[in-house]
Amino acid sequence: MAKNWYRVEVSAGGETHCYFGTSERTESELVEALQSKSFLLLDDLTYFDEEGTARTWTEWDPHYLPRIYLNPHNVITVMCLVDDPRKVGGDNNLLTYPGGPKPDQ
């Protein structure tokens with residue numbers, strides 16, 4: 001089954017966090033699952049280092065498997081990515097909001 005890459009923004013107290021990972025669910029299946037209050041599983045969990053390079057979660061902390069279950073109650077946005085963000089070279093805007101400052105500003 002094909003894996004789809006997603007950027008998921010969640011609320012954690014007064015902060016928001018973005019998670020990047022894969023799901024075998026299509027966009028419509030994922031939204032349907034969230035509406036039914038099912039936890040969202042992201043595999044191939046990826047983070048961005050200080051230089052903005054995408055890296056596998058286990059490079060940051062090898063004690064955890066590179067997957068996460070997100071509570072649908074905390075999900076703010078879900079965006080489907082075109083491809084694996086670890087393949088993207090050079091500048092990217094994955095961590096920025098339209099019209100907002102770049103991450104290093």
Side-chain angles (χ1 to χ4, degrees):
M1 197 170 227
K3 288 188 176 186
N4 301 296
W5 278 92
Y6 293 100
R7 174 191 188 271
V8 180
E9 182 182 14
V10 298
S11 173
E15 300 179 352
T16 59
H17 301 277
C18 288
Y19 293 94
F20 298 85
T22 62
S23 175
E24 293 182 351
R25 294 179 176 174
T26 65
E27 286 180 81
S28 58
E29 291 170 338
L30 192 141
V31 170
E32 191 175 299
L34 290 172
Q35 289 174 334
S36 71
K37 308 276 191 249
S38 296
F39 272 67
L40 169 59
L41 168 62
L42 289 181
D43 286 311
D44 305 308
L45 199 59
T46 300
Y47 77 98
F48 287 84
D49 64 16
E50 288 81 18
E51 288 80 39
T53 302
R55 302 191 180 277
T56 181
W57 196 266
T58 53
E59 288 183 53
W60 179 62
D61 192 339
H63 297 99
Y64 292 98
L65 295 174
R67 66 176 176 240
I68 191 169
Y69 291 85
L70 299 171
N71 186 332
H73 178 74
N74 298 332
V75 172
I76 298 170
T77 62
V78 176
M79 295 179 75
C80 189
L81 302 179
V82 173
D83 201 359
D84 183 340
R86 297 170 296 187
K87 294 181 183 177
V88 177
D91 292 337
N92 67 60
N93 294 316
L94 289 172
L95 298 176
T96 61
Y97 292 100
K102 294 281 186 188
D104 58 348
Q105 295 179 343

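All heavy atoms count here, side chains included; hydrogens, waters and symmetry mates do not.
- Following chains of ILVMFWY side-chain contacts shorter than 4.5 Å, one cannot reach L41 starting from F20, and the two form parts of different hydrophobic clusters.
- Listed by chain and number, the residues in a side-chain contact (heavy atoms from CB on, under 4.5 Å) with S38 are A33, S36 (sequence neighbours excluded).
- Shown here are the salt bridge (charged side-chain N to carboxylate O under 4.0 Å, His left out) partners of R67, two or more places apart in sequence or in another chain: there are none.
- Every residue meeting the side chain to side chain donor-acceptor pair (under 3.5 Å) condition with T22, not counting sequence neighbours, appears here in chain and number order: D44.
- Every pair tested for salt bridge (Lys or Arg N to Asp or Glu O under 4.0 Å) that includes a residue from residues 69-81 fails, sequence neighbours excluded, so the list is empty.
- For Q35, the side-chain contact (heavy atoms from CB on, under 4.5 Å) partners two or more places apart in sequence, or in a different chain, are V31.
- The shortest side-chain heavy-atom distance between N4 and E27 does not fall under the 4.5 Å cut-off.
- Chaining together hydrophobic side chains whose heavy atoms lie under 4.5 Å apart places Y19 alongside Y6, V8, V10, L30, L34, L40, L42, L45, Y47, W57, W60, Y64, I68, L70, V75, V78.
- In this view, S11 satisfies the side chain to side chain donor-acceptor pair (under 3.5 Å) rule with no residue, not counting sequence neighbours.
- Applying the side chain to side chain donor-acceptor pair (under 3.5 Å) rule to E15 yields the partners H17; only residues at least two apart in sequence or on another chain are considered.
- In terms of the side-chain contact (heavy atoms from CB on, under 4.5 Å) criterion, residue partners of N71 (sequence neighbours excluded) are, by chain and number, F39, H73, N74.
- Partners of E32 by salt bridge (charged side-chain N to carboxylate O under 4.0 Å, His left out), not counting sequence neighbours: none found.
- Note that CZ of R55 and OG1 of T46 are 11.5 Å apart. Values are rounded to the nearest 0.5 Å.
- With values rounded to the nearest 0.5 angstrom, D43 atom CG is found 7.5 Å from E24 atom CD.
- Cluster partners of M79: none. The rule joins Ile, Leu, Val, Met, Phe, Trp and Tyr whenever side-chain heavy atoms lie under 4.5 Å apart, and it links nothing here.
- In plain terms, the two heavy atoms of C18 and R7 that are nearest each other are SG-NH2, 3.2 Å.
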